[in-house]
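Here's the structure, in structure tokens; my notes come after.
The shown structure was predicted, so the numbers you read here are calculated from the model rather than taken from an experiment.
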Amino acid sequence: MYVVKKLNHNAVLIDDNGVEKIAMGKGIGFSALASQPFDGRLADKFFTLDSREKTKRFSELTSQIPLEFIEFSEELIQLISSRISAPLDSNIYIALTDHIYFAIQRKTEDNQVTAIMVSKMKLLYPEEYQVATELVDLINHRYMTELGINEVGFITMHIINAELGERNSLNSLRIIEMTTMILHYLENQYQKSFDHKSLNYHRLMIHIKFLVKRLIYGEKTSAENFEFFNDSFKKSHTFKEASEIKEIIENKFDLSVDENEVIYLAIHLARIH
């Protein structure tokens, strides 16, 4: 284990048998010299990201942000991981740490997230939204800030990005837009709002979000033999609705939806009926 680069007084980039890590601890950078051995017992913790690019970006971040905020962000990320079942991309250590630090410096709301978008995230990603709400409460309590609903929206988006493995929010926003559009179409068809707490609604939303994600990322469903679905099923109201959703997606978003996806969606819609 040897020093690659001193980042600041409290952070050192090291090489541990060919794996670059960021060692952090109060004052460990004072005596750190490039190419010299590093005593791992001096560090309070190590950060290992899953690519050299991310390690480089995080090392640049740690050289600019006080240790206190990096440790606080790690606490928040651990809280997210304990509440969210989906694995989180390690880029969240970079994106969320950077965002939280500047939010704390700003102390008040950033109004770039609209109330409409926040309400969509709350509807489509309730677990992520709830965790983000708790994180904002923790930030406000510790640093006497006045962050509110918009900040909840920002942090919710960071969590969604981490679930998707995204560095920015473009595809996350597309997923939210497409999922919301499908939901509005179905509510108009049924002339009522769904029971958002019901199991069937929960299953439907999970399916729609995964459907939209597959379409945006060009992923294919596993090959299935749906020949056992007879003509009467394909003439059913739910299959007709699923086919109309296929047309809306293809016309509005210029994406191709194959018949297997239509059948899967129709099955979930039948459960709602």
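Under the 4.5 Å side-chain heavy-atom criterion for grouping Ile, Leu, Val, Met, Phe, Trp and Tyr, Ile100 is connected to Leu138 within one hydrophobic cluster. Criterion: ILVMFWY side-chain heavy atoms under 4.5 Å apart, direct or through other members. Under it, Ile77 and Phe102 are part of a common hydrophobic cluster. Phe253 and Phe210 are assigned to two separate hydrophobic clusters, defined by single-linkage of ILVMFWY side chains at heavy-atom distances under 4.5 Å. Both Leu79 and Tyr101 sit in one connected hydrophobic cluster of ILVMFWY residues. Membership requires side-chain heavy atoms under 4.5 Å apart, directly or through other members. A single hydrophobic cluster is not seen to contain both Leu61 and Val12; linkage of ILVMFWY side chains at heavy-atom distances under 4.5 Å, directly or through other members, places them apart.
Using cut-offs of 30° and 60° for the angle between ring planes, the Tyr143 and Phe69 rings count as parallel.
Interatomic distance, Glu166 CD to Ile92 CD1, rounded to the nearest 0.5 Å: 13.5 Å. Here the CD-NE2 distance, from Glu163 to His158, works out to 13.5 Å after rounding to the nearest 0.5 Å. Atom CG of Leu183 sits about 4.0 Å away from atom CD of Glu187, to the nearest 0.5 Å. Within the model, atoms NZ of Lys246 and OG of Ser256 stand 6.0 Å from one another, a figure rounded to the nearest 0.5 Å. The CG atom of Leu123 sits 11.5 Å away from the OH atom of Tyr129 when rounded to the nearest 0.5 Å. Put simply, CG on Leu7 and CD1 on Ile65 are 12.5 Å apart, with the number rounded to the nearest 0.5 Å.
A donor-acceptor pair under 3.5 Å links the side-chain atoms of Asn251 to the main chain of Glu247, judged by distance alone. Checking side-chain atoms of Asp15 against main-chain N and O of Glu20 turns up no donor-acceptor pair under 3.5 Å. A distance-only check finds a donor-acceptor pair linking the side chain of Asn8 to the backbone of Thr62 [under 3.5 Å]. Checked by atom type and distance alone, the side chain of Lys209 never pairs as donor or acceptor with a backbone atom of Thr179 at under 3.5 Å.
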| task | Show the numbers, then the answer: is there a side chain to side chain contact (heavy atoms under 4.5 Å, CB included) between Asp98 and Ile94? | result | CA-CA 6 Å; Asp98 186 49; Ile94 303 165; 5.5 Å; no

| Worked check of salt bridge (Lys or Arg N to Asp or Glu O under 4.0 Å) between Glu128 and Arg83 | CA-CA 8 Å; Glu128 292 82 350; Arg83 300 289 184 83; over 6 Å; no

| said: Before you tell me yes or no, could you show the steps for Asn171 and Arg174 under side chain to side chain contact (heavy atoms under 4.5 Å, CB included), namely the whole-Å CA-CA distance, both residues' side-chain angles and the distance that decides it to 0.1 Å? | reply: CA-CA 5 Å; Asn171 281 332; Arg174 290 184 73 198; 3.9 Å; yes

| request: Check step by step if side chain to side chain contact (heavy atoms under 4.5 Å, CB included) holds for Thr48 and Asp16. | output: CA-CA 10 Å; Thr48 307; Asp16 185 7; over 6 Å; no

| field | Tyr125 vs Ile175, side chain to side chain contact (heavy atoms under 4.5 Å, CB included): CA-CA, chis, key distance, verdict | value | CA-CA 11 Å; Tyr125 294 91; Ile175 289 173; 3.4 Å; yes

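Across Glu244 and Lys240, no two heavy atoms sit closer than the pair OE2-NZ, 2.6 Å. Across Asn91 and Arg57, no two heavy atoms sit closer than the pair OD1-NH1, 3.0 Å. The two residues Ser59 and Ile22 come nearest to each other via the heavy atoms N-CD1, 3.5 Å. Closest heavy-atom contact between Phe46 and Ala43: CZ-CB, 3.7 Å. Shown here for Val136 and Leu147, the closest heavy-atom pair between the two residues is CG1-O, 3.5 Å. Nearest heavy-atom pair across Val152 and Ala132 is O-CB, 3.5 Å.
Side-chain contact between Lys5 and Ile14 is absent, with no heavy atoms from C-beta onward closer than 4.5 Å. Side-chain contact between Asn10 and Ile28: absent, with no pair of heavy atoms (C-beta onward) separated by less than 4.5 Å. Side-chain contact between His202 and His207 is absent, with no heavy-atom pair separated by less than 4.5 Å. You'll find the side chain of Met178 reaches within 4.5 Å of the side chain of Leu255, heavy atoms only. Looking only at side-chain heavy atoms (C-beta outward), Glu261 and Arg214 come within less than 4.5 Å of each other. Two residues are said to be in side-chain contact when any heavy atoms from C-beta on lie closer than 4.5 Å; Glu74 and Lys45 meet this criterion. Between Phe38 and Tyr2, every side-chain heavy-atom pair lies at or beyond the 4.5 Å cut-off. Counting heavy atoms from C-beta on, the side chains of Leu13 and Thr55 come closer than 4.5 Å.
For Tyr185, the OH atom counts as densely surrounded, since its 6.0 Å shell holds more than 12 non-hydrogen atoms of other residues, nucleotides or ligands. Few gaps surround NZ on Lys6; more than 12 heavy atoms of other groups in view lie less than 6.0 Å from it. In the displayed structure, Asp254 atom CG is contacted under 6.0 Å by at most 12 heavy atoms of other residues, nucleotides or ligands. Within 6.0 Å of CD on Glu60 lie more than 12 heavy atoms contributed by other residues, nucleotides or ligands.
The closest side-chain donor-acceptor pair between Glu151 and His99 falls under 3.5 angstrom. Between the side chains of Asn161 and Ser169, at least one donor-acceptor pair of N or O atoms lies under 3.5 Å.
Taking the ring axis of Tyr217 as reference, the NZ or CZ atom of Lys213 stays within 45° of it and closer than 6.0 Å to the ring centre. Cation-pi geometry between Lys54 and Phe47 is not met: the NZ or CZ atom fails to fall both under 6.0 Å from the ring centre and inside 45° of the normal.
Sequence neighbours left out, not one pair with a member in residues 22-38 passes side chain to side chain donor-acceptor pair (under 3.5 Å).
With respect to the salt-bridge test (charged N to carboxylate O, under 4.0 angstrom), the residues Glu177 and Lys120 do not qualify.
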